[in-house]
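Written out below as structure tokens is the structure these notes cover.
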Amino acid sequence: MIKVNENYLKIQPSYLFSEIARRVSSFQKENPDVEICRLGIGDVTLPLPRACIDVFHKAVDEMADESTFRGYGPEQGYGFLREKIAREDFQSRGADISPDEIFVSDGAKCDVGNIQEIFASDIKVAIPDPVYPVYLDTNVMAGRAGSFHKGRYDGIVYLDCTGENGYLPDLPKEHAGLIYLCFPNNPTGATITREGLTRWVEYARENKALILYDAAYEAFIGDKDLPRSIYEIDDAREVAIEFRSYSKTAGFTGVRCAYTVVPKECRAYTERNEKQLLHGLWNRRQSTKTNGVSYPVQRAAEAVYCQEGKAQVRELIAYYMRNADLIRKEMTGLGFDCTGGENSPYIWVDVREDSWAMFDTLLRKGGVVCTPGAGFGRCGEGHIRISAFNSFQNVQKALKRIRDLFTPGAKTQARRE
Ligand SMILES: *Cc1c(COP(=O)(O)O)cnc(C)c1O
């Protein structure tokens, strides 16, 4: 008899994006002449930087010629890319990371989902709420969660992020071995200061814990005082693994390129309390299960670090951040408490009512799509996420409709354009 992994039967179905799609399409059917503005998207809308496209084409042509053709690449990724990553993303900011500590991959989603394989199945895992759902679901699949009731799994340490703590999780009250942190955060847009992050590094050192630091949105940090990498914090090398991606930074969501940093000193412990370094384990896991990212894609990612590439990436980010700034100002002006939108492409709005009810109001009366906070965890209830990934024109249009909706006396009907 072939048996299934019953942990998969425990996972709560993810209604969020299918339910959004269902409600939008039924509204559109009833109101075919309303032009819908989508501010629910967690995907970029602008094309790849020119510098990336040019070398991407060139690298494809190299594959057509026997003298420049490349087969399987080096397991951790090409040296040309890892050297630039180490220098530009870390050493230039005073973070001591070397090229052989970088593992290039086809996405931060898979890395952040796969990394838990190298840890024991009976560890305690601490996960922020609300947050990117991959952390929780992959640990449920691995058997680290008990039964599910009232919106939560037994056995998981949830780190509540609410208005009271400024959407920054407090240190866990019960011991946790593996801790997920994501800054700038998806969905709240919250960022963490150097002092705040130092407390987590100290906690991990004192409690023999490990931090998984998801920095997929670091490129959106404009504030010079905020850390962009956890390795900017002293002594983090031993206690933290960091995840980065070109997806949101440079429009690679459809191209696929990311990387994970596992410093040489980074450690966990064996059953007998002996220190075990993780670099070799992750290397073994990756070289066993993947052959990495294609040569042209790694060349395209490398172009992010050339002079034109850097300027073009800065422009992409500035474009989205202009949207974010407008959204945050407008929503704040309407009397909503907001976080994010500064140093982050997401604006997290406290709507003080059921998040799906607010979703329906914005959709049915304004023709605007947002993401209901409840889809990201129990603490997401009462909030919506508005995304800056859209054209400036669409953002302006959506905000005008929201303003009309919440300004007394303004007309409260879906606008027909
Ligand atoms: C988008 C996103 C990622 C990763 O994306 P990839 O496209 O798989 O590199 C990782 N973490 C968070 C929080 C994200 O929002």
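Just follow the structure's listing: the first ligand is 1, and inside any ligand the first atom is 1. The model shown is predicted, which means the values in this text are computed figures rather than measured ones.
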Within [range] or reaching into it, pairs that qualify as ring-ring contact (aromatic ring centres under 6.0 Å, His included) - sequence neighbours excluded:
range            : value
residues 350-388 : Tyr167-His383, Trp348-His383, Trp356-Phe359
residues 298-339 : Tyr320-Phe389, Phe336-Phe406
residues 107-137 : Tyr132-Tyr135, Tyr135-Tyr180

Note every protein N or O atom lying under 3.5 Å from an N or O atom of ligand 1, pairing the names and giving the distance.
residue	atom	partner	partner atom	Å
ligand 1	7 (O)	Ser247	OG	2.5
ligand 1	7 (O)	Arg256	NH1	2.8
ligand 1	7 (O)	Arg256	NH2	3.3
ligand 1	8 (O)	Ala108	N	3.3
ligand 1	8 (O)	Lys109	N	2.9
ligand 1	8 (O)	Arg256	NH2	2.8
ligand 1	9 (O)	Ala108	N	2.8
ligand 1	9 (O)	Ser245	OG	2.6
ligand 1	9 (O)	Ser247	OG	3.3
ligand 1	11 (N)	Asp214	OD1	3.4
ligand 1	11 (N)	Asp214	OD2	2.7
ligand 1	15 (O)	Asn186	ND2	2.9
ligand 1	15 (O)	Tyr217	OH	2.6
ligand 1	15 (O)	Lys248	NZ	3.2

Fill in: Of His57, Lys58, Arg50, the residue whose pairing with Asp54 passes side-chain hydrogen bond (donor to acceptor under 3.5 Å, both in side chains)
Arg50

Discussion item. Centre-to-centre under 6.0 Å for Tyr346 and Tyr217, is that the case here?
Written reply: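 Yes, the ring centres sit under 6.0 Å apart.
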
Practice prompt. Would you kindly check if the NZ (Lys) or CZ (Arg) of Arg378 is within the cone defined by 45 degrees around the ring axis of Tyr158 and under 6.0 Å from the six-membered ring centre?
Written response: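 Because its charged atom misses either the 6.0 Å distance or the 45° angle limit, Arg378 does not stack over Tyr158.
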
